[in-house]
Amino acid sequence: MGGGSRGGTAVLGVGQPGRRGPARPVDGAERPRELRGGGAPGGPGDDGPGGSEGAEAERLSNLEAEYVFGMNENQQSLSSRETSFLISEEPVSAKRFNLFLRRRLMFKKDEQSKDSIFFRDGIRQIDFVLSYVDDIKKEAELKAERRKEFEQNLRKTGLELEIEDKRNSEDGRTYFVKIHAPWEVLVTYAEVLGIKMPIKESDIPPAENIPFSYMLGPLKLPKNVRHPRPEYFTAQFTRHRQELFLIEDESSFFPSSMRNRIVYYILSRCPFGIEDGKKKFGIERLLTSNTYSSAYPLHDGQYWKPSAPPNPVNERYILFQNWARFSYFYKEQPLDLVRNYFGEKIAMYFVFLGFYTEMLSFAAIVGLACFIYGLLSMHSNSNSSEICDPTIGGQIIMCPLCDQVCDYWRLNTTCLASKISHLFDNESTVFFAIFMGIWVTLFLEFWKQRQARMEYEWDLVDFEEEQQQLQLRPEFEAMCKHRKMNAVTKEMEPYMPLWSRLPWYFLSGATVTFWMALVIACMVAVIVYRLSVFATFASFMESEASFKHVKSFLTPQITTSLSGSCLNFIVILILNFIYEKISVWITKMEIPRTYQEYESSLTLKMFLFQFVNFYSSCFYVAFFKGKFVGYPGKYTYLFHAWRSEECDPGGCLIELTAQLTIIMTGKQIFGNIKEAIYPMVLNWWRRRKARTNSEKLYSRWEQDHDLETFGSLGLFYEYLETVTQFGFVTLFVASFPLAPLLALLNNIIEIRVDAWKLTTQYRRPVAAKAHSIGVWQDILYGMAVLSVATNAFIVAFTSDIIPRLVYYYAYSTDDTEPMRGYVNDSLSTFLIADFPNHTAPSEKRDFVTCRYRDYRYPPDHDQKYFQNMQYWHVLAAKMTFIIVMEHVVFLVKFLLAWMIPDVPKVVLDRIKREKLMTVKILHDFELHKLKENLKISSTELAKQVLIQENKAQLANSAV
């Protein structure tokens, strides 16, 4: 029976049933057209201005008698259960029609408010708008015929249409079809869609305030914004039990988001003809073929000012004032209001983004503390001190970093780089890696609780994905030539054999594999770039005297790494842009059965590609760069041409940090600029082109028409962006403890950017239900498990912490300063005379030996240049650390997952109470109804008995 509902209705009063008259008949034989408008522009259904009142009245009288739709005709036109549900009603009384006609004739177009969301009569609310322009191409007649058939079938379903001629539009060429769903349509489809509506105000007390909640006062919004409507007990709506529901006012009982959801459901299943022997239907097909240029529900009004009567409360303005302004970045989100206006699916995204941002604040504080620890201990670090010491690091001659062109160099030239490396590679690195492994578990477990709480509050407890599974994609139905019986419903439904889809599955898999291979190839190309220009950077910086002042912090390694990272980021953006288009096309070709299957298939393709595209370079730097270099005299070469890259003497962690920072921050900055600037520029240009007749009325539907479309995949890309960021925060966080802080700052801005663009720059999306974040939750769980392994390997193989610990406990000879001598111990010796001719520097030096980073025997040893015993000790310590860390973190993860319930006990108790009360209310209602029926029956029986007795007495007296 569902959980408490705050936003499920626009009921003004509670407690009293108000006007709860019996349901209007829905099984009549006739449906007059006087309230519907109709036809093509200029034809019988064109409600454009012009003409006398007498002509208008005569035209309306003709329209009233033009159509009579019987159930037989409806069933012949639309036989598919999934396609449409047709409604007819008893004829409207003459008194009611004449009243409507007088109001309509008195209504003047030039006096209509620009923000009006009603038909010209000022009574019927606009629930949806279609637009189109005249086509002068060959298909113009075909498109006009499709529109005529489509609009005629829409009227058969009970929808009312009003058409605005192109002469009344701002650009002088766009027609607008305004759609209104009357009460009979709403109640019928509310029952079809299983929509829950309020039956009684909830008596469950609100949750108790958390301790010290008064300290969060500045972060809170006003109560009427946080909870705009009371909580109710709800039940699935049925038009035969309307007296049960709290219907205060029919016009506001169904909120606008629910109304546009119902209308879109009809639009997506309404047929528009038979072409090539196949029945064609659905607004999406008409949009794809440019039969209609757009289809959208209206915003409530302007976002910068409240609506004037008689328009309803402008929730768009309230959202802008309390949610979409950047000055409210520290405030909580009005999630109930977002749900009421945009629907549960969009609201659930903002719940997730807000909760993720809240949890990031804890990780950001710990990460910042680890960074401050590294900053404070940077100058006291013995490794950096030895490298920077002229008597130690200044006397260590390092082997050349490239063949022939590069020269020998002194270790103290990397002094600043070693200090910066210590910021992120210190004792706190291990602690932070373990902490993040536990944090990600707490995040996911607490998110399940938060999600369960929102399911209860938003009345989604009994919402099942199967409800969406029954809503087949119109494209799937149109392509299906076979039908089979559903084992559950025992009804015939469209069916497509697996063999007919196999070729597209193979093509899809091959395409995804090809593009992932292309990403790897581009990454290898960037590696080749770094290898080829490294020698150039090195020789150029050595020869130019002007670079002497910057060589201390801008070494050839750092310069090559930064330029390579920037180039890699540009390649990532280009590949991502192209692949998005291809993946959407391939997913459509697979012909998924439902929208849920379509999104899941697209999600899998996009995430696999994004994973490889964004993370491959970080995986390379973390786990491959500098690991297979070889040693002087026997280096390994890429394609037998370029010598493998080496890490800085301080390790590759600083390069991983730079790579992660550039890609992560670059993606976030680029994403926010694109999300904010792109729709704003497009809307400005569209309005600039449209405002050609400024003296005409720039109506509400035209204003929304000039906005950018959010699209069915708009939310998909928002989730993809957030999950990609989650990967940066978790997979490589051991190398960059400031990643959670950067993500936190980005998300604070992201919430307001997304709110601002949805409220001001985009057309209103069609409301949709969702009780979770769907397949993204499984992806988050997979990344959480993988992050434990990646961080363990980063600490072991990319960081320098394990070799330092091995030296501290096993090889240090100084009791007072155990780490003294570590730098010298970590460098092996090579005899310059052993250099092959093609690798030795061109200029001869007086040095006999040079040093390189590895654990190998010296040239005077019997096993020279082979790995020494310390190498195997360090390797064993690294593997031991990985095993221990993974087991410890996984043990803690499983314990936390076991200890923290998916649904909080207080929510379970409320759900049980709610179900009990709902069943009781339904039982009392049915019992009361039964008693009334029995009372009427017994009264009629008593009257009949009395009549018979009187007749018998009269007969006896006559005798």
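It should be emphasised that the depicted structure is a prediction, and the values quoted were computed from it without experimental measurement. Position 1 is the first residue of the sequence; numbering continues from there.
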Inset, instruction - Apply salt bridge (charged side-chain N to carboxylate O under 4.0 Å, His left out) to Arg853 and Asp800, showing your working. - result: CA-CA 12 Å; Arg853 183 174 174 80; Asp800 207 33; 2.5 Å; yes
Legend entry - Derivation and outcome, side-chain hydrogen bond (donor to acceptor under 3.5 Å, both in side chains), residues Asp854 and Tyr871: CA-CA 8 Å; Asp854 207 342; Tyr871 169 84; over 6 Å; no
Legend entry - Intermediate values then yes/no, side-chain hydrogen bond (donor to acceptor under 3.5 Å, both in side chains), Asp814 and Thr816: CA-CA 6 Å; Asp814 193 331; Thr816 56; 2.6 Å; yes
Legend entry - Audit row: Ser617, Gln659, side-chain hydrogen bond (donor to acceptor under 3.5 Å, both in side chains) steps and yes/no: CA-CA 8 Å; Ser617 58; Gln659 182 89 1; 2.9 Å; yes
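For an aromatic pair to be called close, the ring centres must be under 6.0 Å apart, and Phe866 with Tyr857 fails this. Note: Trp439 and Phe443 meet the aromatic proximity criterion, with ring centroids under 6.0 Å apart.
Residues Ala877 and Ile802 approach most closely at CB-CG2, 3.7 Å, considering heavy atoms. Between Ala792 and Glu886, the shortest heavy-atom contact is CB-CG, 4.2 Å. Across all non-hydrogen atoms, the minimal contact from Thr357 to Leu744 is O-CD1, 3.3 Å. The two residues Gly394 and Arg410 have their closest heavy-atom pair at O-NH1, 2.8 Å. Gly564 approaches Val526 most closely through the heavy-atom pair O-CG1, 3.6 Å.
Counting only distance, with no hydrogens or angles, the side chain of Thr429 and the backbone of Asn426 share a donor-acceptor pair below 3.5 Å. Checking side-chain atoms of Thr636 against main-chain N and O of Val629 turns up a donor-acceptor pair under 3.5 Å. For Asn791 (side chain) and Ile434 (main-chain N/O), no donor-acceptor pair under 3.5 Å exists by modelled atom type.
Within a 6.0 Å radius of CZ in Phe362, other residues, nucleotides and ligands contribute 12 heavy atoms or fewer. Atom NZ of Lys627 sits in a crowded spot, with more than 12 heavy atoms from other residues, nucleotides or ligands closer than 6.0 Å. Counted within 6.0 Å of OH on Tyr781, heavy atoms from surrounding residues, nucleotides or ligands total more than 12; the atom is thus considered enclosed. By the neighbour-count criterion of 12 heavy atoms within 6.0 Å, atom OH of Tyr637 is densely surrounded, having more than that number from other residues, nucleotides or ligands. Shown here is Phe847, whose CZ atom has more than 12 heavy atoms of other residues, nucleotides or ligands within 6.0 Å. Within a 6.0 Å sphere centred on NE2 of His861, heavy atoms belonging to other residues, nucleotides or ligands number more than 12.
Looking at Asp825 and Arg820, no side-chain N of the basic residue comes within less than 4.0 Å of a carboxylate O on the acidic one, giving no salt bridge.
Counting heavy atoms from C-beta on, the side chains of Asn383 and His422 never come closer than 4.5 Å. Asp834 has its side chain out of reach of Pro632: every pair of non-hydrogen atoms, C-beta onward, lies at least 4.5 Å apart. Contact annotation: the side chain of Val888 approaches that of Val884 to within less than 4.5 Å [non-hydrogen atoms, C-beta and beyond]. Using a 4.5 Å heavy-atom cutoff, the side chains of Met819 and Tyr807 are in contact. Inter-residue side-chain proximity for Leu741 and Leu360 is flagged as unmet; no heavy-atom pair is nearer than 4.5 Å. In this structure, Tyr865 and Thr829 have side chains that are not in contact, with every pair of non-hydrogen atoms separated by 4.5 Å or more. Side chains of Arg851 and Ile397 form no contact here, defined as non-hydrogen atoms less than 4.5 Å apart. For the pair Ile520/Met516, no side-chain contact is recorded, criterion being any heavy-atom separation below 4.5 Å from C-beta on.
To the nearest 0.5 Å, the span separating CD on Glu358 from CG on Asn747 amounts to 11.5 Å. Taken to the nearest 0.5 Å, the NZ atom of Lys625 stands 12.0 Å off from the SG atom of Cys618. To the nearest 0.5 angstrom, Thr441 atom OG1 is 8.5 Å from Phe890 atom CZ. If you take NZ on Lys419 and CD1 on Ile387, they are separated by 10.5 Å, rounding to the nearest 0.5 Å. In this structure, the separation between CE on Met398 and OG1 on Thr414 is 7.5 Å, given to the nearest 0.5 Å. Here the CG-CD1 distance, from Leu573 to Ile578, works out to 11.5 Å after rounding to the nearest 0.5 Å.
Considering Phe728, Phe726, Tyr620 as possible partners of Tyr615, the one that fulfils the ring-ring contact (aromatic ring centres under 6.0 Å, His included) test is Phe728. For the side chain to side chain contact (heavy atoms under 4.5 Å, CB included) with Glu386, the lone residue among Thr391, Leu411, Ile392, Asn412 that qualifies is Ile392. Checked against Phe609 for a ring-ring contact (aromatic ring centres under 6.0 Å, His included), the options Phe577, Tyr579, Phe514 give a single hit: Tyr579. Between Asn381 and the options Ser377, Ser384, Ser385, a side-chain hydrogen bond (donor to acceptor under 3.5 Å, both in side chains) holds for only Ser384.
Residues satisfying the side chain to side chain contact (heavy atoms under 4.5 Å, CB included) test with Val874, not counting sequence neighbours, are Pro803, Val806, Tyr855, Gln870, Lys878. Lys448 meets the salt bridge (Lys or Arg N to Asp or Glu O under 4.0 Å) test with Glu445, Asp902; sequence neighbours excluded. Every residue meeting the side chain to side chain contact (heavy atoms under 4.5 Å, CB included) condition with Glu721, not counting sequence neighbours, appears here in chain and number order: Lys667, Glu675, Glu718, Glu750.
Between Tyr852 and Phe830, the ring planes are perpendicular. Angles over 60° get that label, and only those under 30° would be called parallel. Classified by interplanar angle (parallel below 30°, tilted 30° to 60°, perpendicular above 60°), the ring pair Phe623/Phe619 is tilted. Ring geometry for His873 against Tyr811 counts as tilted: the plane angle lies between 30° and 60°, on a 0 to 90° scale. Note on ring orientation: taking the six-membered ring where Trp is involved, the planes of Phe424 and Phe371 are tilted (angle from 30° to 60°). Taking the six-membered ring where the residue is Trp, Phe611 and Phe607 present tilted rings, their angle falling between 30° and 60°.
Remark: the Ser583 side chain and the Lys605 side chain contain no N/O donor-acceptor pair separated by less than 3.5 Å.
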